[in-house]
Each structure stands twice: as structure tokens, then as C-alpha cells.
Amino acid sequence: MHSYDERLTSLVFDYMKDRLSLDPVPLDNPGVKDKLEAALAGIITPGGTDPEKVLNLYADQLAPAVISADSPRFLSFIPAAPTKAALLFDMVVSCASLQGISWLEASGAIAAENQVLRLLADRAGMPEGAGGCFVSGGSAGNLSALVVARDTARRRIPAGRLRVAVSDQAHSSISNTLRIIDVDALVVPSRDHRLTGESLRAALAADPDPSNVIAAVATSGTTNAGIIDDLAGVAEVARERGLWFHVDGAYGGAGLFAPSIRHRYAGIEHADSFVVDPHKWLFAPFDCAALIYREPRLARAVHTQDASYLDVLHTEGDEWNPTDYAYHLTRRARGLPLWFSLAVNGTDAYTEAIEKGLRLARETAALIDGTGHLELIREPELSAVLFRRTGWTGRDYHEWSERLLAGQIGFVTPTGWEGETVARFAFLHPGTSMEIVKEILDTMA
Ligand SMILES: *Cc1c(COP(=O)(O)O)cnc(C)c1O
């Protein structure tokens, strides 16, 4: 099973070519458990099954039971829209068994990943020494970064509970992280859903003992509504108080490439750690998140396995081991598909594709504003648009969402906003057009 097999290779390559050339890809549907299990029954046998039969099972039964995140009609959660170059190079990473654990083993891959991390750090305005690694997602990035924040603070505060200041709008992965690392939250009320320096300062001033607050987490921007926190204000308070400043840009960090909104990220250059998910709005395949530290040596002191925790001041050589910057050890060189695509397409193409999603959100907002039975909830800052259909109950939204998917018109799930069920579009696929948006909005008449 390790020898080259021409027929197997052609079968899979042909399938991949078909999938890559679908334009648009079908939206598809959630599967039915019994049906899927029946289809899978008996496919794994002691002697093996003909690859054509297995591939057909996948293509005919399994693939249609996966809603295509890369469909231009996938407008729920955060969609995906990987470039062709990135998808193809992901296959190269697989074919070549490219890992990106250590410099000794994988310097060629790591040098390319680091070139991309440097480009992202430059967009954020982080200093020359900044660096990090690619991890599987924003959740893994937030966890890895806040472990560093905690352990760095532990050197100053050896005993007692520690706390991290977070907005009530922070992503669920932040509260998960705090639970995992056994750190409490100082929940700072947001103003109009935005964490500001002022509200953080007020919360710290009102707290009986703020000395155990060791970090502040800001979001650029929120997943639900695309709201970018007051990064400059939060950074200033963090500086005053000696807090670690973490910026979660898993979704919105890509906006650093968009001149029309770049000013909203002012202050991000002060981040001690910053996360952006290329598998979201930088058009990379799953699973790819960039994690960048202002002072990577602090991360190294925490995450390096098998190394002395006291070796913090050890001077940096040329070697860069991605495994030293997050909780992982073995990792695929998951930054390479993005590297290849950036090199092939150029950064201007990224800027244009991101601006396209922003324009679509603005045009959609204007259309909703001008439609009698629809109400825009707020002007979009990024590419998420929240709106309501006047007179609808939560149930109406859910039934509408199911009808849209059943008709393969769109995958648009309702969301919550200030206790109310509302509709939400998340744009980022350059193939999503105003025609698709109109087609969906027409179903709300
Ligand atoms: C998506 C998202 C995350 C989680 O990222 P995963 O890649 O899904 O782990 C964290 N924070 C924000 C703001 C996000 O949008």
C-alpha cells in the first residue's frame, strides 16, 4: 500500500480536478445519521475495497452531506473561500508529508511560513522581533497566547488567582481558554458592543483589587457583528497597568489588508500577541491560524517542550522551532498553502478580494435600509450584516433558514442580538454577488 499506484492516483486526481473546477460548488445539505451509517456499512474490510467504489461512496453519499463552506451561498457563521493556489498547494503539503516542527527537520517549510508571519506582523505594525507560528485555529491561538500571558505574569505574582480582562462580547473560545488555564475573567461591560479603553479603565478602577488582572483581550472584530474594539484605548490601559495585550483577530484580522478600514485597527501594533485565521478571510484552506507574539522569547520560555523554563534570556540563533510557540508538538506545515497563494497571486489580489466582501456588506446594508419590511440593526464595520424582518418571531427565522437551505438558495442561519433572534449574513466569498443577496432577501417578503 506504499507503492505508487497509477490507477489510484488518477482516480483521486480526477476527483480533485472536478471539485476544483466546480463553479459554483453546490451548497449541499446536512446528512441523516441512519442513511450515512447505512452507506458506510461494510466499507472497511480486512482485505480492502476497490478504490473506485470507496471514492464513489464518498462522492455520492458523504460529500453531499457536508454543507460547502466554500459555496458563495454559504453565509452563516464564518464562510471559507480558499484560493485555488492555496488548495492546490495544500495537496503538495500532504503529498510531501511536510511537517513544520523544528528548524532541524523542516527549515525550508518554516522559512516560508515565517515569511508569511512577517508579512502579517508588518501589516499589524508589530516590531522587527515579532514572530510565532501557525496553529490549527483561532481557538488554539487564543489558548496558546493566554498561556504565555499567564505564565509570564506568574513570575511576578507567584500565588493566588489570576484574572484576564475580557469584554462581554469576546469569542466563546476566550471563556473556554480561561476555564482551561484556570484563570478568572474580569468581564468589562462593552459600550455599544465595543470594548473601549475607557470602560476597561473604569472597570479596573472600580475593582477592589485589580492587581491580579494580568491581561486584556480585545477583539478585531467580533464574530457576530464584526465590531472592532478600541484597540488603541485598550493598549494604552494595558501599558499603564502592565497588562498583557492580546488581540483576537481570528475573523477580522484580515481587514488589515483593506485600506478602507485599516484605520479601525489603530493600536494593534501594541499587541503582545495577535491571532488571525487565514482559513477565514485570508482565503487559506482549513486549518490555518497565525499566532504572532511581540516578544517570542516569552512564548518560547512557556511552550518549549523539554527545555528549561528558566532559560528565558537565552539568545536567539537562526533556528526557529514553531513547536516552541504554542502547545503543540507535531504539526503540518499548514502555513505553506497561504505562502504559495500569496506569492502566486500577490498581496493586491488579497486586498481587492477583502474589499469586495466589505463592499458587498455595505451594499447589502443599503438595500436592507431601503426595503420596507427589513431593518438594518447596525451599519456593518466588517463583512457581517445583522438585520431583522419586521414582525418575525424566532421561529419564523428558523423556518425561513431551513427553507433557504432546502431550496439550495442559501445557508443563512439566524443569530441572537440583544436577546432577539435576527438574521445575519457573513460575507467573504468573492463569488457572493448582490444577485444572490437579492434572491435571498426576496424570500423574506
Ligand atoms: C472564529 C473565531 C475564533 C475561533 O477560531 P477557530 O479557528 O474556529 O478556532 C476565535 N475568535 C474569533 C473572533 C473568531 O471569529
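Order of appearance sets the numbers: ligands from 1, and atoms from 1 within every ligand.
- Residues A165 and V188 come closest through the heavy atom pair CB-CG2, 4.2 Å.
- Using a 4.0 angstrom heavy-atom cutoff, D248 counts as in contact with ligand 1.
- Under a 4.0 Å heavy-atom criterion, A289 is not in contact with ligand 1.
- Heavy atoms from both the backbone and the side chain of S139 come within less than 4.0 Å of ligand 1.
- Inclusion of T219 in the set of residues having an N or O under 3.5 Å from an N or O of ligand 1 is not warranted.
- Between atom 15 (O) of ligand 1 and the options I174, T223, N176, V217, the minimum heavy-atom separation is to T223.
- Rounding to the nearest 0.5 angstrom, the gap separating the OG atom in S136 from the CZ atom in R332 is 11.5 Å.
- Panel note: side chain E295, backbone R297; no donor-acceptor pair is recorded below 3.5 Å.
- Scanning the protein for heavy atoms near atom 10 (C) of ligand 1, the closest one is H171 ND1, 3.2 Å.
- Residues R241 and E236 are not paired through a salt bridge, judged by the lack of any N-O separation under 4.0 Å between the basic side chain and the carboxylate.
- Taking the six-membered ring where tryptophan is involved, the planes of W392 and Y397 are perpendicular, since the angle between them exceeds 60° and thus also 30°.
- At the top of the distance list for atom 14 (C) of ligand 1, counting protein heavy atoms only, stands K280 NZ, 2.9 Å.
- Summarising the geometry, atom CZ belonging to R362 is positioned 15.0 Å from atom CG belonging to D369; distances are rounded to the nearest 0.5 Å.
- With hydrogens left out, the protein atom closest to atom 7 (O) of ligand 1 is D277 OD2, 2.6 Å, a heavy atom.
- Annotation: G138 places an N or O atom under 3.5 Å from an N or O atom of ligand 1; distance criterion only.
- Geometrically, ligand 1 and S136 share no nitrogen or oxygen pair separated by less than 3.5 Å.
- The cationic atom of R300 (NZ for Lys, CZ for Arg) does not lie both less than 6.0 Å from the six-membered ring centre of Y325 and within 45° of the ring axis.
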